[in-house]
Amino acid sequence: MVRLITHNMLACHVKNCTKDNFPLVFSEVELVIRPAPENLEFIQRFLPKLDWTALVDTARSLGDTSLPETMPDQITEDQLKALHHVLMEMHIEEGNMTCRNCGHVYPISNGIPNMLLAEHEVGR
């Protein structure tokens with residue numbers, strides 16, 4: 001399943017695609033909300049690894065506006081809960097992720113992104 005916690009780490013790796021290859025842009029998505037047990041300590045520890053701007057932009061493109069535009073200096077429990085929802089409970093079951101630079105499309109089927117590249121697309 002593609003959750004936004006995973007999506008926030010994915011970039012395009014097509015040969016010579018080194019600029020503007022993150023974040024991948026969702027299109028034609030089937031979004032499913034699946035409740036997940038809260039682990040706010042994990043979310044708090046994960047914060048430094050997130051690209052906040054990419055996360056907020058992606059969440060908004062999927063219809064969730066619960067996160068503030070910029071990462072707060074002191075995050076509240078309510079903000080952690082909103083972040084938990086965005087990162088752990090929003091699942092992309094079907095659709096595409098597209099690189100903004102080269103336009104390569106990574107399809108998502110049954111919640112699994114196909115990140116494999118054809119041999120001619122792989123940099124060596």
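On a predicted model such as this, the values are computed, not experimentally measured, just so you know.
- Lys15 contributes atom NZ, which lies 9.5 Å from atom CD of Glu119 (distance to the nearest 0.5 angstrom).
- By the ring-ring contact (aromatic ring centres under 6.0 Å, His included) test, His91 pairs with no residue at all, sequence neighbours left out.
- Hydrophobic clustering (side-chain heavy atoms under 4.5 Å, transitive across Ile, Leu, Val, Met, Phe, Trp, Tyr) keeps Leu116 apart from Val14.
- When side chains are defined from C-beta on, His104 does not count as touching Cys17, because their heavy atoms never get closer than 4.5 Å.
- Contact check for Arg3 versus Arg34: no side-chain heavy atoms found under the 4.5 Å cut-off.
- Shortest non-hydrogen contact noted between Cys99 and Asp20 is SG-O, 4.2 Å.
- For the residue pair Glu89 and Pro35, the shortest heavy atom distance occurs at OE2-CA, 3.4 Å.
- Side-chain N or O atoms of Glu94 include one that pairs as donor or acceptor with a backbone N or O of Asn110 at under 3.5 Å.
- Between Asn101 and Thr18, the shortest heavy-atom contact is ND2-N, 4.3 Å.
- Glu28 places none of its side-chain heavy atoms less than 4.5 Å from the side chain of Val105.
- Closest heavy-atom contact between Thr98 and Gly103: CG2-O, 3.7 Å.
- Nearest heavy atom pair, residue Asp51 against residue Ala54, reads OD1-N, 3.0 Å.
- Linking Ile, Leu, Val, Met, Phe, Trp and Tyr whenever their side-chain heavy atoms come within less than 4.5 Å leaves Val25 and Leu62 in two separate clusters.
- In terms of the ring-ring contact (aromatic ring centres under 6.0 Å, His included) criterion, Phe22 has no residue partners (sequence neighbours excluded).
- Within the 3.5 Å criterion, the main-chain N or O of Leu24 finds a donor-acceptor partner in the side chain of His7.
- Note: the hydrophobic cluster containing Met97 does not contain Val32 (ILVMFWY, side chain heavy atoms under 4.5 Å, direct or indirect links).
- Residue Glu38 places its CD atom among more than 12 non-hydrogen atoms of other residues, nucleotides or ligands, all under 6.0 Å distant.
- Checked against side chain to side chain contact (heavy atoms under 4.5 Å, CB included), Lys49 has the following partners two or more places apart in sequence or in another chain: Met9, Phe46.
- For the atom pair CD1 (Ile43) and CG (Leu87), the distance works out to 5.0 Å, reported to the nearest 0.5 Å.
- One finds the CG atom of Leu67 at 11.0 Å from the CG atom of Asp57 (value rounded to the nearest 0.5 Å).
- No side-chain heavy atom of Val29 sits under 4.5 Å from any side-chain heavy atom of Glu93.
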Task: Verdict with supporting geometry, Asp64 and Ser66, side-chain hydrogen bond (donor to acceptor under 3.5 Å, both in side chains) - done: CA-CA 6 Å; Asp64 187 288; Ser66 63; 2.6 Å; yes
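- Here the CD1-CG distance, from Ile5 to Leu55, works out to 9.5 Å after rounding to the nearest 0.5 Å.
- By the criterion of side-chain heavy atoms lying less than 4.5 angstrom apart, applied directly or through intervening Ile, Leu, Val, Met, Phe, Trp or Tyr residues, Trp52 is grouped together with Leu40 in one hydrophobic cluster.
- At a threshold of 4.5 Å between non-hydrogen side-chain atoms, the residues Tyr106 and Leu117 count as touching.
- Under the 4.5 Å side-chain heavy-atom criterion for ILVMFWY residues, no single connected hydrophobic cluster contains both Met88 and Ile112.
- With a 4.5 Å cut-off on side-chain heavy atoms, Lys81 and His85 do not count as touching.
- Heavy atoms only, all atoms of each residue included: Val86 and Ala59 are closest at CG1-CB, 3.9 Å.
- In this structure, CD1 on Ile75 lies 5.0 Å from CG on Leu47, to the nearest 0.5 angstrom.
- Side chains of Ile108 and Asn114 form no contact here, defined as non-hydrogen atoms less than 4.5 Å apart.
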